[in-house]
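Worksheet for the structure shown next.
In the text below, chain A, chain B and the rest are named by the order of the sequence lines, each starting its count at 1.
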Number of protein chains: 2
Amino acid sequence: MKTNTQLKQILQSEGFRYTPQRQMVWNELRKMGGHHDCEEIYDELKSKGTRVSRATVYRTIDVLARNGMVRKLEVGDGIARYEAKEDEDHHDHMICLDTGDIIEFYDEELERLQEKIVEKHGYTLVKHVHQLFVKKK
Amino acid sequence: MKTNTQLKQILQSEGFRYTPQRQMVWNELRKMGGHHDCEEIYDELKSKGTRVSRATVYRTIDVLARNGMVRKLEVGDGIARYEAKEDEDHHDHMICLDTGDIIEFYDEELERLQEKIVEKHGYTLVKHVHQLFVKKK
DNA sequence: TTCTTTATTGAGAATGAGTCTCATAAGAGT
DNA sequence: ACTCTTATGAGACTCATTCTCAATAAAGAA
């Protein structure tokens, strides 16, 4: 689990400042768990009487995403969702078209296969987006 | 290759009308080839002096996508791109972060593996989004 | 601690892809 | 050609996200 001290180190090592707003957004997203959009994070913080602006939530989430603290998830409805990357638990997502549920999955073989395909084309894999849209059986 | 007659059949079988605007958008996207956003399609048609509105391009692309004539591609920059689905040539995309190039790929094993993973979780695969973001070696 | 420099914040305006409205036009069946 | 209904055009509108800019506050220096 990433501590606030780690947040501080990561931010400062990249020349960013360690501000209360950034701590709040980061901790809130971690506390909420799962996948949330900026509006949800903003509302949650607001409901707790926290003094933070919408713009700052968007900006902070962006900073966190750029530094690998947070992962961006676009499901196709025009609203970006984010999840805190606690440890190195890489996974992809299954989105249930019936319920909207987001299920995480990971498959070693799949990961290897992707690397192989990219290499075959003469490239290096930087990141990937893999979403399986499913329905209950 | 899908003919205009096929476009007519597909549209009408779903209760949609076979209009000149729909033909134009469909043929333009096919002629352009590759992946394009609605604005590009609109501009292209406009530059040829065609009388079509922006709204109609968006509406038509949506109708075509709903009927499997066109495939939507979201690369994460907030602009939806589309490609004509000529035949049954399913493929996924590699996006080069250096050049912005979009390369198509297909891997049989990958397809099977996805099905397997979904089944394992008790779901049925409806569709998937699989994008590999790469850099030149 | 105080000073300086410079990034960050808040509030609201601005942006822009995509959608909606509604009066008019035009497919398609009869 | 007639009728019913869907499609279109033009522009207004949405709404997530970004930008502006004056005020604020990190963080290092003195």
>> I'd like to know whether NZ of A/Lys116 has more than 12 heavy-atom contacts from other residues, nucleotides or ligands below 6.0 angstrom.
In response: no
Atom pairs under 3.5 Å, N or O on each side, protein against nucleotides 26-28 of chain D: can you list them with distances?
residue: D/dA26; atom: N3; partner: A/Arg17; partner atom: NH1; Å: 3.4
residue: D/dA27; atom: OP1; partner: A/Gln12; partner atom: NE2; Å: 2.3
residue: D/dA27; atom: OP1; partner: A/Tyr18; partner atom: N; Å: 3.0

>> Expected output is a numbered-order residue list: members of residues 31-55 of chain A with a heavy atom under 4.0 Å from any atom of DNA chain C. What is it?
In response: A/Arg51, A/Val52, A/Ser53, A/Ala55
> Which residue pairs pass the side chain to side chain donor-acceptor pair (under 3.5 Å) test when at least one of the two sits in residues 53-70 of chain B, sequence neighbours left out?
Replying inline: B/Glu39-B/Arg54, B/Ser53-B/Thr56, B/Asp62-B/Arg66
> Are A/Lys48 and A/Glu28 ion-paired here, with the side-chain N under 4.0 Å from a carboxylate O?
Replying inline: yes
> Is the centre of the B/His93 ring less than 6.0 Å from the centre of the B/His35 ring?
Replying inline: yes
>> What residues from residues 72-82 of chain B pass a heavy-atom cutoff of under 4.0 Å to DNA chain C?
In response: B/Gly78, B/Ile79, B/Ala80
>> If the condition is ring pair (Phe, Tyr, Trp, His ring centres under 6.0 Å), which residues does A/His36 pass it with, not counting sequence neighbours?
In response: none
>> Please determine whether ring-ring contact (aromatic ring centres under 6.0 Å, His included) holds for the pair B/His91 and B/His130, giving the CA-CA distance in whole Å, both sets of side-chain angles, and the decisive distance to 0.1 Å.
In response: CA-CA 9 Å; B/His91 59 257; B/His130 198 180; over 10 Å; no
>> Measure CD1/A/Ile61 against C1'/D/dT18 and give the value in whole Å, please.
In response: 15 Å
> Would you say the side-chain atoms of A/Gln131 pair up with the backbone N or O of A/Glu74, donor to acceptor, closer than 3.5 Å?
Replying inline: yes
>> Salt bridge check, A/Lys137 against A/Asp98: does any charged N sit closer than 4.0 Å to a carboxylate O?
In response: no
> What is the distance from CE of B/Met24 to C1' of D/dG9, rounded to the nearest Å?
Replying inline: 12 Å
>> Going 5' to 3' along DNA chain C, which are the first and last nucleotides with any atom under 4.0 Å from a heavy atom of chain B?
In response: C/dA17 to C/dA28
